[in-house]
Amino acid sequence: MRFLFGLTVILALLLGASVSAQTEPPVTDSVADSVEVPAIPPPAPVTDLKALDTDDDHGHSVTLTWTKSVDAQTGQNTVNGHQIFRWYPAMMDSLAGVDSLKNMRQDIQRAQSANSVFRRALGVAEDALEDLTSGGRGFDALRFTVATPQDDSTFVLDRAFVEQALRDTVATMTTHLPLLPDSIKGLQASFEAAIERLTEAHQAYPEGGSWNLVGLAAKGDTSFVNSGNKDPMSGDFIKDFTDLYYRVDVVTIDETIRTESAIVGPVQSEGQWFNGGRFPVFWAVIIFGFLTMYFVSRARKGDDLYVRPLAGIEAVDDAIGRATEMGRPILYVLGLGTAADVATIASFTVLGRVAKQVAEYQTELIVPTYDPIVMSVAQEVVKSSYLDAGRPDDYKENTVFFVTNLQFAYVAAVNGIMLRELPATNIYMGKFFAESLLLAETGALAGSIQIAGTDEIAQIPFFIVACDYTLIGEELYAASAYLGREPILLGSLKAQDWAKAAVIVLGIVGLVAANLEWGFAKTFLEYFHVTN
Amino acid sequence: MKRQIPLLITFFVGTLLIISVFVPPLGDLERDFTLFFDIIAVFAFFLGGGNLLRIHLMKLANRRKDWGFSAVTVSGFLFMLAIGLFKVGNPGGIAEAVDAEGSWFKVMFDNVINPLQSTMYSLLAFFVASASYRAFRAKNREATMLLIAAFIILLGRTPLGVMLTGWIPEWMSVAQIPNLAVWIMNSPNLAGQRAIMIGISLGVIATSLRLILGVERSYLGGDSD
C-alpha cells in the first residue's frame with residue numbers, strides 16, 4: 001500500500017513537472033534583448049610585415065613574413081586565421097570592365113571553344129542540307145516542328161522553308177567561320193599587349209585598383225609564399241620585375257571582424273641565377289656523375305666489374321642462334337618512340353649488337369620502323385654493325401624500312417610480317433603503348449621466341465605475360481652495356497647499381513625516421529625536399 | 001671528324017640542358033631545342049615516304065613474294081598523297097585546310113583509316129583475354145598470387161564484389177572486396193611501380209650521361225671511330 005502511495009506521488013510529481021515545463025512562458029524578446037552577447041573585439045594586427053622575393057626559385061613568387069598578432073593564441077586569443085591580399089591594378093580584376101585580364105582570358109577561351117562548336121555546327125547543318133536535297137533522308141525524318149508562342153500546339157515547317165533556312169544557315173556560317181580564328185588572334189594580341197602594360201599599371205598604385213584575396217594562412221603562421229604561375233593565361237600569373245603590394249588581415253571567427261596590417265611594398269619577384277630549391281637534384285646529379293666517372297676509370301684500368309646476369313639479355317645470343325639454325329629471320333621492333341627518347345636510343349645499342357651477330361651468323365634481320373628519323377638512325381646502326389662484323393656486302397638496304405606513323409596501321413603491318421615470315425625470334429625494345437600486347441600475342445601465336453624490354457610501366461605486364469623474356473624498366477638501359485661487355489659501359493652500369501643501392505638505403509632511413517618521429521627526421525627529410 | 005663534331009654537339013647541348021634545369025633564365029632552352037627537333041622531323045618525313053615507295057616499288061617490279069600487299073600499299077599511299085596535295089573535293093579549294101569537311105582526304109580518313117584503326121584496337125580485347133588466360137594459370141606460387149590478386153581486383157570493380165562482402169561491419173571494412181582491391185592497387189602495386197620508376201630514372205640518367213660524355217655512340221651508327 002505504501003509502495004502504491006509512493007508511486008502515485010512520484011508520478012504526480014513527474015506529471016506536474018512536465019506540465020509546468022510545457023506551460024512555462026517562452027523567453028520573451030525583451031528578456032533575450034536584455035542578455036548581452038559579448039562582442040568580439042577587433043584583434044591586434046600583425047606587425048613587422050615584410051615582403052621579399054622568394055629565394056632559390058624560378059621567379060613569379062613573393063614571400064611574406066610577419067610577427068604574429070598579440071591576440072593570436074595569446075592575449076584575447078581571438079585570431080582565427082590570416083587572409084593575404086594583393087593589390088591588383090584596374091586592368092587585372094574583373095570589376096574593371098571589359099579590359100580586365102580575367103575577362104580577356106575568358107574571351108580567348110570562349111572564342112576558342114566557339115570556334116570548335118561553330119565548326120561542328122556547320123558540319124551538322126551541311127549534312128542536314130545534303131540529306132534533304134539528295135533525298136538521303138526523308139523530310140519527315142528530320143522532324144522540324146516548333147511550338148507556337150500563343151499556345152502549346154505545334155505546326156510543322158514546310159520543306160521549302162526548312163531548306164531555305166538551312167541554306168541561309170550554312171551560307172552565314174561559312175562566311176563567318178574564317179573570321180573566328182582572326183578574332184582569336186586579335187584577342188590574343190590585345191591580351192599580350194595588356195600583359196606588356198602590366199608593369200606600368202602596377203606603378204599606378206594606389207589609384208584605381210583593388211585588393212584581392214590571394215591566400216589564407218593559419219592563426220599560428222608567420223609566413224606565406226604567394227607563388228604565382230609564369231603562364232600569363234593562368235589566373236594566378238605574377239609578372240616578374242613588377243611592383244607588388246601586400247597586406248595581411250587577421251580575422252576572427254566572425255570574418256567581418258578583422259584588422260588590416262600596414263601595407264607592404266613595392267616588392268618585385270624575379271628568378272634567381274641559380275634555383276637553390278633544386279639543390280637535392282643538383283647534388284644527386286653531381287654525385288652520380290662522379291660515381292659514373294669513377295667506375296668508368298676503374299674499368300679502363302682493367303678492374304673486373306661484376307654485373308648481375310640478365311636472363312633476357314643472355315637469351316639474345318641463344319635466340320639468334322635458334323634463328324640461324326631454323327633458317328628463319330629475326331624481327332627487331334624499335335617501338336613507337338622517337339629518336340629523342342632515351343629508351344629508343346638504348347634500343348639502338350641493342351640493335352647494333354644484334355645486327356653484328358646476325359651479320360656474323362648470316363641470318364636475316366627485319367626492322368620495320370614507325371618514325372622516319374628512327375629509320376635513318378637504325379639504318380646507320382645496322383650498316384655499321386655489318387661493317388664491324390666484316391660483312392658489309394651482306395647488308396641489304398631493305399633490312400630497315402619505314403612502315404607508317406599511325407599506331408595501329410603499324411601494328412597491322414608488323415603483325416602481317418610476323419604471320420607471313422614466321423620469324424624465329426622477335427625482339428621488342430623501346431617505347432611501347434597499347435600495341436604491346438597486340439604485337440606480343442601475335443608473335444606468341446606465330447611460335448617465335450620473344451624478348452622484350454620497355455620503360456613504359458603500364459606495358460611491362462603485357463610483355464611479361466606474352467613474351468619469353470622481359471627486361472623490366474632499367475634493364476633495358478643496362479642491356480646495351482651488358483651485351484657489349486665493354487669496360488667503359490660496364491663502369492656506368494656499376495655506378496647505376498650503386499646509385500640504386502643508395503636510393504634503397506636512403507628510402508629505408510627516411511621511412512623509419514619519418515615514422516618514428518626521430519628528432520633528426522625533419523632535417524633529414526628537408527635535405528631531399530625539392531621546392532620547385 | 002665525322003664523329004667528333006656530332007659528339008661535340010651532343011656534349012654541348014646535353015650539358016647546356018642540364019644547366020638549364022638549375023638556372024631559371026635558361027629555362028626556355030628545352031622548348032627551343034624541341035622546336036629544332038620538330039623542324040628536322042618535318043624533313044625526315046620525306047625520307048620515310050621515299051623509303052616506303054622505294055621498298056614497295058622494288059618488290060612490285062621484281063614480283064617478289066606477297067607483292068600484292070605492296071600494290072595495295074603503294075596505291076593507297078599515292079592516292080592519299082594526291083588527294084591531300086591537290087585538295088581534291090575540298091569545298092574551299094586549294095586555300096582551305098586539307099582536312100576541311102567534305103574533302104576527299106577527310107572522307108577517306110574518317111571512313112577508311114579511322115575504322116581500320118579502331119578494328120585493330122578492338123582486337124586488344126581478345127588478346128587481353130587470351131593473355132590473361134595464360135597468365136592466370138596457377139602453375140607456381142607467383143602465378144597463384146597473381147591469380148588471387150587479379151580475382152580480387154576484378155571482383156572489387158564490379159557490383160558483385162560490393163554485394164558479396166557488403167555485410168561485413170564497418171570496423172572490418174578493410175576486408176570488403178572493393179576496399180581490398182583499392183588496397184592492392186594503392187599499396188603493393190604502387191610500391192612495385194615506384195621501385196621500377198626509380199630504376200628507370202637512374203637508367204635514363206646513366207644513359208644520358210653516357211651519351212653526353214661520348215661513351216655511348218650507337219646513335220651515330222656504330223661505335224667505331
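All heavy atoms count here, side chains included; hydrogens, waters and symmetry mates do not. Keep in mind that this is a model prediction, so the values were computed, not measured. Proteins get letters first, then strands, A, B, ... in listed order; numbering begins at 1 in each.
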With no hydrogens and no angle check, is any side-chain donor or acceptor of A:Thr344 less than 3.5 Å from a backbone partner on A:Ala340?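 Judged by distance alone, no pair lies under 3.5 Å.
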Is the backbone N or O of B:Val21 less than 3.5 Å from a side-chain atom of A:Arg278, with the two atoms forming a donor-acceptor pair by type? yes
Flag if over 12 foreign heavy atoms under 6.0 Å of CE, A:Met293: yes
Below 4.5 Å from any heavy atom of chain B, which atoms of [X] appear? Answer side chain, backbone, both or neither.
| X | value |
| --- | --- |
| A:Ile457 | side chain |
| A:Asn405 | side chain |
| A:Leu445 | side chain |
| A:Ile460 | side chain |
| A:Glu397 | both |
| A:Val503 | side chain |
| A:Thr369 | neither |
| A:Val400 | backbone |
| A:Ala499 | both |

If you tally heavy-atom pairs under 4.5 Å against chain B, which of A:Leu437, A:Asn398, A:Ile345 wins? A:Leu437
Quick check for you: among A:Phe401, A:Phe288, A:Phe348, A:Phe279, which has the greatest number of heavy-atom pairs under 4.5 Å with chain B? A:Phe288
Distance in Å, B:Leu85 CG paired with B:Lys87 NZ, rounded so as to fall on 0.5 Å steps: 9.5 Å
Look at B:Thr119, B:Leu146, B:Leu47 and state which one has the largest set of heavy-atom pairs under 4.5 Å with chain A.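 Most pairs with chain A among the choices: B:Leu47.
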Counting heavy-atom pairs under 4.5 Å with chain A, which one of B:Tyr121, B:Phe126, B:Phe77 comes out on top?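 Looking at each option in turn, the highest pair count goes to B:Tyr121.
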Relative to the ring of B:Phe36, is the ring of B:Phe33 parallel (under 30°), tilted (30 to 60°) or perpendicular (over 60°)? perpendicular
Mutual orientation of the aromatic rings belonging to A:Phe282 and B:Phe22 [parallel < 30°, tilted 30-60°, perpendicular > 60°]: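 Perpendicular: the ring planes of A:Phe282 and B:Phe22 meet at over 60°.
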Is the positively charged end of B:Arg63 above the ring of B:Trp67, judged by distance under 6.0 angstrom from the centroid and angle within 45° of the axis?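 Geometry flag: set, cation within 6.0 Å and 45°.
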